[in-house]
Structures are given as C-alpha cells and as structure tokens.
Amino acid sequence: MTHNDVRLIRTRLAVLAAVLITLWSYAAYVSSQDAVDLLRIRALADTLGQPIDRLILSLQTERRITAETIAGAGAATPELVGARDATDRAAAEIREFTEGRDLRLLSAGAVRDRAGELVRRLDGLGTTRSRMDTGRLGLAAAIDGYDEVVDVAFRVYGPEWGAYESGLAADTRAVIALARARELLAREDTLVSAALTGARLGADERRRLTALVGVQRYANAEAAAGLPSDGRAEQQRLAASPEFTALLALEDRLLLQSGTANALAGVTVQDWRTAADTALGTLQTLVTDTARSSVERATPGAAVLIARTGAVVGLGLIVVLVLLLSWAGTIRRLTEELTRPKAAAPAPAPQDAPAPPAAPPSGGGAERELFLGLTRRNQVLLRDQLSVLDLMQRRERSTEETGELFQLDHLTTRIRRNVEKLITLAGATPARRWRRPVPLLDVARGAVAEVPDYHRVLIAPHWPWSLAGPAVTDVIHLLAELIENALVFSGEDTTVRVSGEHRPQGCAVLVVDDGPGLDAAALAEANHLLGNPPPDGPPAGLTGWYAAAVLAGRCGAHVSLRPSPRGGTAAIVLLPARLVTVTDTGRAPAGAPPDTPYPAARTDLPGPSGDGALPTRVRQPGPIGPEHGRTSLDTVEMPVARTARRHQ
C-alpha cells in the first residue's frame, strides 16, 4: 500500500466521521429537545406557576373587597388590609423569580420579560390603593385597574407552557383555560357584590354584568371540553350541584331584572355571597386537582422520555467515539507499515544449491484489486451462464436451443480464461497445456473466442506458422488481453484486425484497432510497463498492460505498442524463433510422427466476423490415446460459424 492509498483512506474516513458526527448531533438535538421542553414546563410550574396562582387569587379577593368598600363609601377595613398583605406576599415571590438565575430556565427569556412586566404593574398598584384610600378613585376605575393587573398575570402563561406537544402540555392549557373562566366569575362577583353593597345597579353596570355572565358561561363550557376525562366528569358534576344551580338562578334573576327600576329585588348579599363563594371555591379546587392529576399521569411518560434521551445522547456518543478511535487506530497502523524500514534482503544462495521455487506475487493493494475484479467478472459470467441454462430447461427443444448452447460455450470459455489468468499471475501454471505444436491461426482464433464482441475481430487468412505446445496457453491469453483492450478502447462500429508478419528473429502477431490512440507520454509509459513489469503489482488503472507483460514474460515473447497508420494503436507480439516454426499447407509440423499428420490452419472456415459467428470447442482430427501420442488436452478453441459447425 502506497502513501496515496493511505491518504485516500484517511480522507474517506474523515468524511465518514464528519457525516457520523452530524447524524449523531441531529439525533441528539431532536431527542433532547423534547426532554428540555418537558423540564422547562416543570421548572416554570414549580418556580412561577404556583406564585402566579396565589397572586391571582389574592388580587381577586382584594378587588372584590375594594369594590365593596368604594360602593359603601367606607374607609379601609381590616379585611381589606389583610387582602392587601396577601397580595404583597405573592408579589414578592414573583420579584424573586425575576431576579433569580435558575439554570433550568436559561432559555425562558420571554417568560422573564412577561414576569417583569407583571412586577411593574404590581409596583403601580400602590398608587391605586392610595387614591382609593383618599376617596379620589371611582368604582369603575378601581375595578378596571385590578382587571388589567390580573390580565397581565395570565399573560405570563405564554406559549412556552405548551411547547412540548404531549398530554401534559394539553392538560396545562386546559387548566389555564379553566382558571381564566374562574376569573370571569370572580369579575362578575366583584360587580354584583359592589352593586349589592351600594344598593344600586346602574346602566353601565347592567350592560357589563350581561356581558360577563355570557362570556363566563361560554368560557366554562370551552374549558370543560379541553379537560381530561376525569376532570370533565368532575366539572359536569359541579355544574349540576345545588350550589352552582343556585348561582345560575341568581344570575338569571339579575339578567331578567336588569332593565327594571329595581334590578336587585329579591337578591340579598347573603344569598349571593354563599352561592358565589361556593362556586369560586369548587372551581379553584377543580383547577388544583386537575393540575395534580395531570402531573401524576405524565410522570411515567416523562421518565421514559428522559431515559430515551439519555440512551440516544449517551450511548450514541459512546458508539461514535469507539468508531472514531478504531478508525484512528487503522490509520496509525497503515502509517506505521509504510514508515517501518524494510527487512534486509536475504543472502544469495550458493551456486551449487538448487534455486527455490518462485514465490507468488505479494498481495499488494493494486494486485488484490486485480484479482478481485477478475473474480467478480467470473461471477457475472456464471450468472449469465445459469440464466441461459434456466431458459433451456424451461423450454422444449427448439431451433433456438442451438444458439443458446453456443452462448453457453462462449461464456464458459471466458470464465476459464479468467481463472487461468489468475493462476498465471499468482506464479503457478494452468493445468490445460499442449505437448505438440498448434497452428498459429488456431491460437489466434482461440484468443478471439475468449473475448466479448468477438464478431468485431477480423483475422488474416494466411498464417504459415505453428506455435510450440508449452507456450499455447500463455500466448492465447496474451493475445486475448490485447484484443479485448483494443475492443474496449475503440468504437462499437469499428473492427480490430489480427494478422501475422515474418520477422528475422521469428514472427510477429499484430493487433490493430481504430480507436483514438495514445499520446506520446501514455504510449511511452505503457511500453515501459510492458517491458518491465513491476514486481510489487500493477500500477493503478494499468492492470491490463501488467497482465500482458506477465504473460509475455512467461512464454518468452515481447510486446510493444506503436501508433497505427489509421489513427489507432497497434500492439506487436514478437514470438522468438524457438517458439514458432514455419509450416507448409497440408504438412505436419516438424517433429510430428508421420502417422498423425497435423493439419495447417483452416482458412475455409469463417472467422469471428462471419454472420452469426460463435466460438465452439473443436478437436484436431486424428485418434486420441497414449498409443497415438495425443490426449484430450490437445484441443484448441476456434470461433466457427453456426452454418460451418452444422456442416462439420
């Protein structure tokens, strides 16, 4: 593995780490957001919700007593002083909240602002009290002043109290709505109590009372609809109780008499006080009980939510850290392998000692990639082969079966080529080999049979040579590698031409394509690789040239590239004289027994460029057996047209 490979792995792992951290951060944010909202609601309820409730109750009591005092034209009573003290104590708790710094409420800035506005209104409440004590404040102005402070207190319950969409948030909103309905009843109580104390109900007070009764009844119905089942049942029970029935009867009487001269006839202070105090008390009890039961129901769900958040944030962080540390260890090991000094080369063996067998090439990254690529190609070819066989099994015998058999034969030939090439590149020798010379034309046709798009290959008809048997396998694979490379790098509408030429030192096989060709730098690099294959595996992207160089080195051939006259590239395979012999047509090659004549290359059979040409396995004529000096291994693959095969 090179430094570039390590750098590439490091870059990929860095990208994966960034993606992993981003995904964990998003998951942690989404999971923790619900928990944070829940904790904020609980913290607001504990630190501000209860003081706000006490303040509203105190303001309602002080407002009613103040209105009764003004209507009766009397001075401040001990009851009014006590109500003011209760309001001041509740206001002190609100001030403490606005001045404190609870870590659980750091994100509740809007709530603090509304609570601060409430404190400023409470500070102005002293002016209202002074004007009332000196008789400079009217009844309507006093009631309106207290109503505004209560409205500001209710506005403290902003959207933050229901931000977390759950049963607890829905119950919280329902409880607040029920408390607002109680406030409307308290305002009605203040207005009626003042009218009964002053024994008069003016036109403005009558209109205000009519509006308050209608809005209060509607708000009660709406709040009851949002309560949980147990709270709704309790509210309905209270609405049907004698106390509420008495209050409704008194309200109806006041509304019916509001247009008469004596609107308060038949309604006494004692009757109203009993009905109003009972209704207000039961409503406050319902608000408190509903809030408590909501918290109890939400506690198990809150525990599950907190546990889930902890699992996602905590366990997810542990997994991320473990993966990052393992990746860092992998990078460190790879870097140490690159920087570790290589072991000293072993001492040369004595001259009389036998040479050890050649070791297979080391499993470097590029070479391993080559082997894996060839194996994957085998898998694809086998899959295609099985598909063809499946079609043959599903259908009765027909004329199409012959074509499928040809396809199956071709796929099998290509698979065998990949397997034998793997064995060769690993430093071993394939089991399939020849003992006798084979016509070079048959060797060229066997190479064409091992490549796809064989129908685009043209083979010259005249090949007056035979190739030595031990070199046949390597030369077939060598030519197949060059022919396939030429097919890949040339257009689908072009052909690749294969021919042979006489050379003083033997003969040359030329593979010429009509592709775009190679520039001078790429041509020089390829020729250098073909003449000097690196011992540690092929360079990236040049596995085809590397395989050709290894195969040429095994059989003693020499491969070089040059520009083609027609613009493409010509690959020249120089076969030395010790591998080839010149043969005459109809004569056996030199050294063959007279009783087993070896035929010359058959030029009467159409080549791969013929119509419908497909490869098939053809045996050379003559008897097979040890007594005749030939075995079943003396075969060669030749692309033969279907028509030609049927006539053989």
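In this chain, numbering begins with 1 at the start of the sequence shown.
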Criterion side chain to side chain contact (heavy atoms under 4.5 Å, CB included) on Leu478 and Val573, from CA distance to verdict: CA-CA 9 Å; Leu478 170 59; Val573 181; 3.7 Å; yes

Full working for side chain to side chain contact (heavy atoms under 4.5 Å, CB included) between Arg562 and Leu510: CA-CA 11 Å; Arg562 72 181 183 189; Leu510 280 68; 3.9 Å; yes

Full working for side chain to side chain contact (heavy atoms under 4.5 Å, CB included) between Val457 and Thr495: CA-CA 6 Å; Val457 183; Thr495 58; over 6 Å; no

Residue pair Leu458, Val498: steps toward the side chain to side chain contact (heavy atoms under 4.5 Å, CB included) verdict: CA-CA 6 Å; Leu458 297 177; Val498 182; over 6 Å; no

Salt bridge (charged side-chain N to carboxylate O under 4.0 Å, His left out) evaluation trace for Glu117 with Arg120: CA-CA 5 Å; Glu117 175 65 20; Arg120 288 189 291 272; 2.8 Å; yes

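Considering only heavy atoms from C-beta on, Val509 stays 4.5 Å or farther from Leu574 through its side chain. Looking at heavy atoms from C-beta onward, Val559 lies out of side-chain contact with Ile572 at the 4.5 angstrom threshold. Considering only heavy atoms from C-beta on, Val287 stays 4.5 Å or farther from Asp53 through its side chain.
Between Thr22 and Ala18, the shortest heavy-atom distance links the atoms OG1-O, 2.7 Å. Closest approach of Cys555 and Asp474 over heavy atoms only: CB-CB, 3.9 Å. Here the closest heavy-atom approach between residue Val512 and residue Ser564 is recorded as CG1-OG, 3.2 Å. Nearest heavy-atom pair across Leu479 and Ala444 is CD1-CA, 4.3 Å. Between Ala91 and Leu122, the shortest heavy-atom distance links the atoms CB-CD1, 3.4 Å.
Here the side chain of Ser490 pairs a donor or acceptor atom with the backbone of Ala486 at under 3.5 angstrom. Distance alone, capped at 3.5 Å, is enough to place a donor-acceptor pair between the Arg456 side chain and the Gly491 backbone.
The CG atom of Leu530 sits 6.0 Å away from atom CH2 of Trp545, with the distance rounded to the nearest 0.5 Å. Note that the CG atom of Leu561 and the CG atom of Leu523 stand 6.0 Å from one another [nearest 0.5 Å]. A distance of 7.0 Å separates CG in Leu551 from CD in Glu481, rounded to the nearest 0.5 Å. Rounding to the nearest 0.5 angstrom, the gap separating the CD atom in Glu93 from the CZ atom in Arg54 is 4.0 Å. In this structure, CD1 in Ile56 is found 8.0 Å from CZ in Arg180, a value given to the nearest 0.5 Å. Between atom CZ of residue Phe489 and atom OG1 of residue Thr569 there is a gap of 10.0 Å, rounded to the nearest 0.5 Å.
Applying the salt bridge (Lys or Arg N to Asp or Glu O under 4.0 Å) test to residues at least two apart or on different chains, the pairs with a partner in residues 485-498 are Arg497-Asp514.
Asn527 is linked by a side chain to side chain donor-acceptor pair (under 3.5 Å) to nothing, counting only residues two or more places apart in sequence or in another chain.
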